[in-house]
Protein chains: 2
Amino acid sequence: MPNSEHVKLEAYLKERGQKVTKARKAVLRAFMELEGHVTADSLFAAAKKIDPGIGQATVFRTVKLLAEAGLAREACQDEGARTYEHAFRHSHHDHLRCERCGTIVEFYDKTIESAQEVVFKQYGFVAIGHKMELTGLCADCARRGI
Amino acid sequence: MPNSEHVKLEAYLKERGQKVTKARKAVLRAFMELEGHVTADSLFAAAKKIDPGIGQATVFRTVKLLAEAGLAREACQDEGARTYEHAFRHSHHDHLRCERCGTIVEFYDKTIESAQEVVFKQYGFVAIGHKMELTGLCADCARRGI
DNA sequence: GTGATATTGATAATCATTCTCATTTTGGAG
DNA sequence: CTCCAAAATGAGAATGATTATCAATATCAC
């Protein structure tokens, strides 16, 4: 019984001349069974129950594929090394990053900051901090087309 | 000429019975010289120019210390493995995380979402997506005191 | 079915980070 | 200033997550 996630994945693959394989179907099925925040490792474990011969590398590859196909999304956590920025006598700000050229613009938006306070209160949390990154294409990269 | 960052670090160290060392001073000086988003690696390179004998492990240890002392802050990027969540036919949401017990609450706030659109426009960006994580103490942990 | 091509699984390699531990440095007490 | 216990260091090994390599295999348009 092909559900709509499988349909969407197959459409994505066909469109790009990629193949619908046993391993990919197994990873997607495993992913759909899991709730909340899924690591590649827990996905590997779940996928092995469906296809015991599956390799770890394939799971890593496939979960990235799912993200590209719009079926999964990364819950925070960027590529590469952790970075630090000055915090003392540097006012707080958030980041706007260009996915094409990597440019990072720092911004501060009062509406967003105060809306966050509301969210904390709403859930009974005591605020400590927050991290926000908006991603998009900067004016230059957008002009050049994607 | 001791600047206020050094004063703040020394105060933090004294308060906790920790020592003011050559290596720590070198890392702080290097950190103050660098702009923007600093990786442990670039900091290591900069610190070596000040104290050629410094070790990489010390730089990693010290930048964490700077963050604890309130002189640096992590620019996104959590500990541990990357996680994924369902994206297809699952509405977008952001995260509220308890620093004490790790609980993650998913929320959606219309004010924040629309304020983001404004920021994108303001800087001429074409929006792709965003990641936001609010951190604090959940009601239970806050009640138990910190 | 057949063949060109994409994909796989195993493994090695890489990268960032943390741990281990013998040696050195620090700072308070005398 | 000297001594000493405790803290910190640097080198290198260890770890954990992820990615690259590559020969063997599976997929699919024909």
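Computation of the quantities below employed the complete heavy-atom set of this structure, encompassing side-chain atoms and omitting hydrogens, waters and symmetry-equivalent molecules. Every chain is numbered from 1, with letters handed out A, B, ... down the list of sequences. Small disclaimer: the values here were computed from a predicted structure and weren't measured.
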### Task
Working to the nearest 0.5 Å, report the span between OG1 of B:T111 and CD of B:Q116.
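If we round to the nearest 0.5 Å, B:T111:OG1 and B:Q116:CD are 11.0 Å apart.
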### Task
Could you check B:K22 against A:V20 and say which one's nearest nucleotide on DNA chain D is further toward the 5' end?
B:K22
Between [X] ([atom1]) and [N] ([atom2]), how many Å, whole number?
X: A:L43; N: D:dA17; atom1: CG; atom2: P; result: 14 Å
X: A:K14; N: D:dA29; atom1: NZ; atom2: P; result: 7 Å
X: B:R16; N: D:dA6; atom1: CZ; atom2: P; result: 18 Å
X: A:R24; N: C:dG9; atom1: CZ; atom2: P; result: 11 Å
X: B:L9; N: C:dT26; atom1: CG; atom2: P; result: 14 Å
X: B:L13; N: D:dA6; atom1: CG; atom2: C1'; result: 15 Å
X: A:L65; N: C:dA6; atom1: CG; atom2: P; result: 15 Å
X: A:F60; N: C:dT11; atom1: CZ; atom2: C1'; result: 15 Å

Give a yes/no on whether any side-chain N or O of [X] is located under 4.0 angstrom from OP1 or OP2 of [N].
X: B:K64; N: C:dT18; result: yes
X: A:T21; N: C:dT8; result: yes
X: B:Q56; N: C:dT17; result: no

### Message
I'd like to know if the side chain of B:T62 reaches the main chain of B:T58, judged simply by a donor and an acceptor atom lying under 3.5 Å from each other, with no hydrogens or angles considered.
### Response
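At least one qualifying donor-acceptor pair exists.
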### Task
Look only at the side chain of B:S114 and the backbone of B:K110, and say whether a donor-acceptor pair between them is shorter than 3.5 Å.
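Yes; at least one donor-acceptor contact below 3.5 Å.
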### Message
Base, sugar-phosphate or nothing for A:A57? Non-hydrogen atoms, less than 4.0 Å.
### Response
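Here A:A57 touches the bases of the nucleic acid.
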### Query
Within the structure shown, what part of the strands sits under 4.0 Å from A:R61 by heavy-atom distance: base, sugar-phosphate, or nothing?
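Counting heavy atoms under 4.0 Å across all strands, the contact made by A:R61 includes a base.
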### Message
Base of D:dA6, side chain of B:K19 - is there a donor-acceptor contact under 3.5 Å?
### Response
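Yes.
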### Query
If you take all heavy atoms of A:C98 and A:C141, which pair is closest and at what distance?
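Shortest heavy-atom separation between A:C98 and A:C141 comes out as SG-SG, 3.8 Å.
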#### Entry: Closest contact, heavy atoms only, A:F120 versus B:L134
CZ-CB, 3.5 Å
